[in-house]
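These numbers come from the heavy atoms of this one structure, side chains and all, not from hydrogens, waters or symmetry mates. Note on naming: letters A, B, ... go to the chains in the order of the sequence lines (proteins, then strands), and numbering restarts at 1 for each one.
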Protein chains: 2
Amino acid sequence: MVKRMNEKIKIRRIDYLPARQVTFSKRRRGIFKKAEELSILCESEVAVIIFSQTGKLFDYSSSSTKDVIARYKSHTGGEKWDQITLHQLQLEKENTIRLSKELEDKTRKLRQMKGEDLQDLDLDQLNKLEKLVEASIGRVIKTKEKKIMSEIMAHANKGAELIEANNQLKQRMVMLSAGGDIGPAGIMELDNLNNVGEEGVTSESATNVTTCSSSAFSLEDDCSDILSLKLG
Amino acid sequence: MVKRMNEKIKIRRIDYLPARQVTFSKRRRGIFKKAEELSILCESEVAVIIFSQTGKLFDYSSSSTKDVIARYKSHTGGEKWDQITLHQLQLEKENTIRLSKELEDKTRKLRQMKGEDLQDLDLDQLNKLEKLVEASIGRVIKTKEKKIMSEIMAHANKGAELIEANNQLKQRMVMLSAGGDIGPAGIMELDNLNNVGEEGVTSESATNVTTCSSSAFSLEDDCSDILSLKLG
DNA sequence: GTGGCTATTGTTAGGGA
DNA sequence: GTCCCTAACAATAGCCA
């Protein structure tokens with residue numbers, strides 16, 4: 001039998017690893033026992049949570065550690081953390097429901113504007129809708145015409161500028177050719193270029209306006225199906 | 001000085017309240033001391049949470065009780081509780097964003113269908129839109145005409161039934177008057193009622209069809225403003 | 001890591017202030 | 001609730017298996 005040194009231990013880190021591990025194990029159980037005794041003797045709720053140096057978890061609770069933690073949170077205002085999150089979640093869900101309803105409403109109205117799902121409308125609603133759509137097409141056509149005009153004007157202006165620029169170039173060419181090596185053939189080519197530019201601008205615009213059968217109305221992905229519907 | 005009875009105490013509830021309170025106080029501090037010693041001796045993280053019988057909270061921690069609890073949660077999978085809620089919140093927020101975008105898109109398309117906000121569309125899009133609206137108005141008018149026809153038919157049928165019923169009533173009246181107290185005046189009233197009913201049904205429908213200036217297009221709360229827009 | 005041993009130290013019941 | 005006191009008891013350091 002080995003006696004202890006006649007010296008009480010100091011409460012400081014135990015450097016010798018094996019001794020520290022043993023002490024950890026013994027004292028840990030000691031605390032758990034004390035905790036249990038306290039909870040029984042005094043009818044109290046006790047939880048002890050211990051992490052060893054290596055990160056291992058040991059816990060004791062007279063009831064359930066989680067319950068004690070929950071009670072702890074409610075006593076320290078920690079309840080708020082969860083409740084705030086839950087409340088945010090609740091708000092977010094209500095928001096989602098609201099948005100879904102609005103979206104559904106907008107979707108239905110859009111379909112009706114496109115002439116779909118009309119069977120549930122009464123005569124009054126159909127007349128209102130008809131007026132809406134008529135007013136709409138008037139504005140669409142007006143807008144389109146304005147756009148066409150502005151594009152024509154833009155192209156015409158650009159064409160005029162080009163003609164003016166080319167005329168100036170031709171003049172220079174003539175001046176240079178008078179004392180240089182460029183003959184009449186070169187001037188003819190410039191003339192042709194000029195004419196092509198002038199007519200091309202306006203005729204392209206006009207073609208776009210009258211035919212317009214090319215690209216899809218890209219903003220209306222879910223409207224394009226209408227084009228294939230039978231109107232009968 | 002009073003000696004203790006030569007009997008070790010049993011670990012059971014202390015019935016005498018003052019003694020229980022004192023024991024609670026002493027042992028509580030004893031546990032906290034042990035906990036601190038353990039944390040120092042073995043470089044471990046310790047938390048002790050105690051609720052007295054009266055619900056009062058006492059806690060010790062080598063660092064911070066909340067930190068230890070957080071660490072406890074992460075070790076017991078309790079992390080999931082918060083993370084699930086947070087994840088749900090995250091999903092809900094993403095959902096909200098998605099719905100908001102869809103709603104914005106639908107709102108914009110609806111406005112364009114109504115002939116508003118067209119300035120940003122190019123010629124191609126305007127032409128597509130024009131075709132959509134034209135197709136729409138065709139369907140709206142067709143639907144309206146069908147509705148009118150069916151209403152007329154319904155009213156006409158009902159009118160015919162009424163006429164038939166009234167004729168039968170008139171016959172009975174005539175038969176009764178032959179041996180009773182109803183004179184020619186009564187028969188005339190029945191005739192008038194008959195005519196009013198017959199014409200009233202069809203004329204009301206026709207009026208509705210041509211004028212239709214009464215109630216609002218209730219499905220289009222945010223479309224009604226269009227009616228007051230100037231088209232020039 | 002656990003458990004036993006034992007000398008020593010620490011805790012605490014019971015009492016009083 | 002606290003602190004002190006003291007005797008009794010519990011916990012545990014150091015060591016081994």
Among residues 39-49 of chain A, which ones have heavy-atom contacts with DNA chain C below 4.0 Å? none
Contact under 4.0 Å: A/S25 side-chain N or O vs C/dG1 OP1/OP2: no
Taking DNA chain C as the partner, which of residues 26-35 of chain A come within under 4.0 angstrom of it by heavy atom? A/K26, A/R29, A/K34
Residues in salt bridge (Lys or Arg N to Asp or Glu O under 4.0 Å) with B/D117, at least two apart? B/R111
Here the distance between atom P of C/dG1 and atom CG of A/L57, to the nearest Å, is 13 Å
Once side-chain contact (heavy atoms from CB on, under 4.5 Å) is applied, do any residues pair with B/E94, and if so which ones, sequence neighbours excluded? B/Q90, B/L91
Member of B/I97, B/L103, B/D105 meeting the side-chain contact (heavy atoms from CB on, under 4.5 Å) criterion with B/K101: B/I97
Here the distance between atom P of D/dA7 and atom CD1 of B/I9, to the nearest Å, is 19 Å
Round to a whole Å and report the spacing from CD of A/E37 to C1' of D/dA11. 11 Å
Give me the atom names and distance for the closest heavy-atom approach of B/G55 to A/R71. CA-NH2, 3.4 Å
Residue list, side-chain contact (heavy atoms from CB on, under 4.5 Å) with A/A70, at least two apart or on another chain: none
Would you mind reading off the distance between B/K10 atom NZ and D/dA10 atom P, rounded to a whole angstrom? 13 Å
Taken in chain and number order and not counting sequence neighbours, the residues that satisfy side-chain contact (heavy atoms from CB on, under 4.5 Å) with A/Q88 are A/I84, B/L89
If I take atom CZ in residue A/F24 and atom P in nucleotide D/dT12, what distance separates them, rounded to the nearest angstrom? 13 Å
Hey, which sits more toward the 5' end of DNA chain C by its nearest nucleotide, A/T54 or A/K8? A/T54
With sequence neighbours excluded, tell me which residues meet salt bridge (Lys or Arg N to Asp or Glu O under 4.0 Å) with A/E92. none
Return the set of residues passing side-chain contact (heavy atoms from CB on, under 4.5 Å) with A/K8 (not counting sequence neighbours), or none when no residue passes. none
Rounding to a whole Å, what distance do you find between A/Q53:CD and C/dG1:P? 11 Å
Test of understanding: with side-chain hydrogen bond (donor to acceptor under 3.5 Å, both in side chains), list the residues that count as partners of A/S64, not counting sequence neighbours. none
Need the bend value for the helix from C/dT2-D/dA17 to C/dA17-D/dT2: angle between end axes, 5 pairs each end, nearest 10°. 50°
Nucleotide C/dG1, atom C1' - distance to NZ of A/K56 in whole Å: 8 Å
Specify the separation, in whole Å, of atom CG of A/D15 and atom C1' of D/dA13. 15 Å
All pairs passing side chain to side chain donor-acceptor pair (under 3.5 Å) where residues 33-44 of chain A contributes a residue, at least two apart: A/E37-B/R27, A/E43-B/R13, A/E43-B/Q53
Among residues two or more places apart or on two chains, list those pairs meeting ring pair (Phe, Tyr, Trp, His ring centres under 6.0 Å) that have a residue in residues 7-27 of chain B. B/F24-B/F58
